Amino acid sequence: MENSLLISANGPWYELFYNFAFLIGLMVLLLEAYKRKIPIMKWVILIIITRIFFIAGTKVITFGFDEWNELFTRYRMPQAQGRSLLGGLLFGLAGFLSGFYLLRFRHNIADAFAVALPLGIAIQRFGCFLTGCCFGKPCSLPWAVQYPVNTLPHFHQFNESLLSHHDLVSLSVHPVQLYEAGGMMAAILLLLHFRNRLYKSGSLLILSFLLMLAVRFASEFFRDINAHVIGGSMMGAFNITQLVLLPGVLILLIWLVLRERLPVQTARLVKTDLSPHHTFFWLLLLFMFFLTIRQWLDVSERAVMLLTFLIAFAFPVYHMVNLFIRKPYKWVCLAGFILPFFLLSQTYKENARDSILVKKYKTLKLGLGSGDLINSHEFHSGEGCDSYSNIQYFQQEYKLAAAAFEISEEKPFEIKKFTYGAKVVVGHQQETRLSDTNIKDFNLVDVSPYVNYESKWVGVGAGLHLGNLNYVTEDLSEERGGMASSGNKSPVIYPRIYLRLGHSKWFFADYHLADHFPSALPGFRQQLGIGTGLGLSDFTSLRVGSNLGSMTYLSGSFPFKRITLEPTLLWGEAPYFIDDTHYQFSLGLSYRFGIREELKAEPVKFGVKY
């Protein structure tokens, strides 16, 4: 035992190899997409969906009764006590299948994951080895290793009275993490060997899962019972994990043999990718979901997800920039042909466009909103030694629903739209003063007529809110004595203002005062930010900015023929004494109907337009 290698287990090895494993796996998946001609924008979205499911699976599978009870009674994600690789693989497969059908892939892309999965596990196991988790049973082999105090092997062996207070290192144990890493590398070699020998599409992924489960089954013989989050209890010669894995290996083997005997059907490759604005829509939804669960994730999981989103957003941005930059140069080649006709136009009537297309339609909008946030209200008076200050914190929780009806006239080729309509909002808000848990309830009723005008460079709008209104103040400070009883204001009438400056297709800045669907009140009162139309002329938008307080918002409007989706997420850090993040979320859904198109005549002009 004295000659065993001592693993110091100092340093962020687990997080380092976790991030490294994911980065390498992501590179392999992107390379596979390039080789197999997989639509890249769909592919990165599928990777994100699969990754989210994988992370959730590693945690959810370890939940006990208390965690499930917290989830369904308090409606919040409980912290997991450990991670399970098998749970991650199971949920990751469910996420892959869900994304495959949601994104409507036209060809089988499952085999692209075959090598990336065992490669990621192999790399991650080195982090487990250097940290001391997933450790092995005691042994006296020459390659056995030991771990110091404050590691899992030493902790569990001390609790089982295998060590005394004077033992500063653990008993020698099997480096089972390296056994599993070696098994995964051997699995990769077998996959590369059979890559061109399997006839059916999808068989390589089945073989990959079969080999991963087989390697895990074999490594369980050397893993310590205390190294399991779940499934470590023994039943005869096998533990529960092995009893689950063995039928899985047999089922996959039989499935692989039978499907390889079936006749091969050649499928025609149909490469249909998402447009950039559809890709932005998917990424925005996934990113907002990630923000809502980020407190549930640890630092390494947040890091890999942020890296994934950064890479994913790069693809549609590159496509847009590439299209925007190259498009003007295509006309340079035609300049010599266009110039003579341009000069001739000085003597002939200019009638290239003697009419304007006008679209008129009606829109029905439905939306839901909710929020859970904390604001403060300070009363202060006096100066110097006579100064007085009292700050009260209020928790604001609300849920609401809204409906709106609009009539619009749009000139698509000129990027102009005029809209007028009205909105009705009903909801409920509860305010709790944290110092004494004093609770106030508010019933929300809002009727809001409005009018908006949008053009290429400018957008303006105005309206009024009428009814039983309530809005949350940004952290407010007033010069007066006493103690604040509320962090809300309750007017019966409130203005609605909208202003945008900048090109609606590419880049703009905007300000909204009580201008938001489904409802700006109580929580979305002010928005100041920047945005882009993603290069589109249909008033698509992706915006980010501030509520002029401590919160940040991410918002979008994504038209799909007659339907438009409008998701918005507003989030910020809670006060220092509350370990949580406050948020607000809303989702609007619009449907256009009664669409009529007209051609309106323009005045006839002569000469050249300068």
Side-chain angles (χ1 to χ4, degrees), residues 21 24-54 57 85-122 180 183-218 242 244-274:
I24 296 299
L26 181 61
M27 292 174 61
V28 171
L29 290 174
L30 294 177
L31 182 61
E32 288 283 352
Y34 175 76
K35 289 183 177 180
R36 298 171 184 269
K37 296 180 172 58
I38 299 173
I40 191 63
M41 295 191 194
K42 284 186 177 181
W43 185 240
V44 294
I45 293 173
L46 181 62
I47 291 174
I48 291 176
I49 294 174
T50 304
R51 185 64 187 174
I52 290 175
F53 272 76
F54 178 86
L85 175 62
L86 295 179
L89 291 175
L90 180 63
F91 275 65
L93 179 60
F96 169 80
L97 295 175
S98 301
F100 181 86
Y101 288 106
L102 282 173
L103 296 170
R104 299 180 181 180
F105 277 95
R106 300 295 185 183
H107 54 292
N108 197 318
I109 44 87
D111 288 339
F113 279 87
V115 172
L117 289 174
L119 179 60
I121 295 172
E180 189 170 350
M184 293 297 171
M185 297 306 295
I188 292 172
L189 294 177
L190 287 173
L191 290 170
L192 295 176
H193 175 75
F194 284 101
R195 168 175 282 188
N196 298 320
R197 290 173 171 81
L198 296 174
Y199 300 106
K200 300 285 288 185
S201 180
S203 291
L204 194 66
L205 182 63
I206 296 175
L207 178 60
S208 178
F209 269 93
L210 190 158
L211 294 173
M212 287 189 292
L213 297 186
V215 169
R216 180 60 183 269
F217 177 85
Q242 289 175 306
V244 173
L245 290 173
L246 186 57
V249 172
L250 295 177
I251 291 172
L252 289 174
L253 179 60
I254 294 172
W255 186 21
L256 179 61
V257 172
L258 291 179
R259 81 190 309 269
E260 280 296 301
R261 291 182 177 180
L262 296 174
V264 178
Q265 297 179 351
T266 303
R268 184 170 62 91
L269 180 65
V270 181
K271 185 176 180 180
T272 55
D273 207 350
L274 296 175

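Please read these numbers as outputs of a predicted model, since none were measured by experiment.
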side-chain contact (heavy atoms from CB on, under 4.5 Å) between L190 and L207, intermediate numbers included: CA-CA 9 Å; L190 287 173; L207 178 60; 5.7 Å; no
side-chain contact (heavy atoms from CB on, under 4.5 Å) between I38 and E32, worked out: CA-CA 8 Å; I38 299 173; E32 288 283 352; 5.6 Å; no
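- Here the closest non-hydrogen pair linking E260 and S203 is OE2-OG, 2.7 Å.
- Looking at heavy atoms from C-beta onward, L191 lies in side-chain contact with P118 at the 4.5 angstrom threshold.
- Between the CG atom of L210 and the CG atom of L205 there is a distance of 11.0 Å, given to the nearest 0.5 Å.
- Partners of R259 under the salt bridge (charged side-chain N to carboxylate O under 4.0 Å, His left out) rule, at least two apart in sequence or in another chain, do not exist in this structure.
- Although no hydrogens or angles enter the test, the distance criterion places no donor-acceptor pair under 3.5 Å between the side chain of K200 and the main chain of L256.
- The heavy-atom pair separating H193 from R197 by the smallest distance is O-NH1, 2.5 Å.
- Using bins of under 30°, 30° to 60° and over 60° for the plane-to-plane angle, the ring pair F105/W43 lands in the perpendicular bin.
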Test side-chain contact (heavy atoms from CB on, under 4.5 Å) applied to L26 and R51, step by step: CA-CA 10 Å; L26 181 61; R51 185 64 187 174; over 6 Å; no
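- The distance from the CG atom of L253 to the CG atom of L211 is 10.0 Å, given to the nearest 0.5 Å.
- Put simply, the side chain of L117 reaches to within 4.5 Å of the side chain of F209, judged on heavy atoms.
- I251 is linked by a side chain to side chain contact (heavy atoms under 4.5 Å, CB included) to nothing, counting only residues two or more places apart in sequence or in another chain.
- L198 is not listed as a side-chain neighbour of I206, based on a closest heavy-atom distance of 4.5 Å or more.
- Residues that satisfy the side-chain hydrogen bond (donor to acceptor under 3.5 Å, both in side chains) test with T50, not counting sequence neighbours, are absent from this structure.
- Two residues are said to be in side-chain contact when any heavy atoms from C-beta on lie closer than 4.5 Å; L30 and I40 meet this criterion.
- Taking the side chain as every heavy atom from C-beta outward, I109 and K42 never approach each other to under 4.5 Å.
- Counting heavy atoms from C-beta outward, E180 and I121 have side chains that approach closer than 4.5 Å.
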side-chain contact (heavy atoms from CB on, under 4.5 Å) between Q242 and L246, intermediate numbers included: CA-CA 6 Å; Q242 289 175 306; L246 186 57; over 6 Å; no
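- We find the CZ-CD1 distance between F96 and I47 to be 10.5 Å, quoted to the nearest 0.5 Å.
- Proximity of a side-chain donor or acceptor of S208 to a complementary backbone N or O of L204 within less than 3.5 Å is not detected.
- In plain terms, the two heavy atoms of V28 and A116 that are nearest each other are CG1-CB, 4.0 Å.
- Taking every heavy atom of both residues into account, L46 and L103 meet most closely at N-CD1, 3.9 Å.
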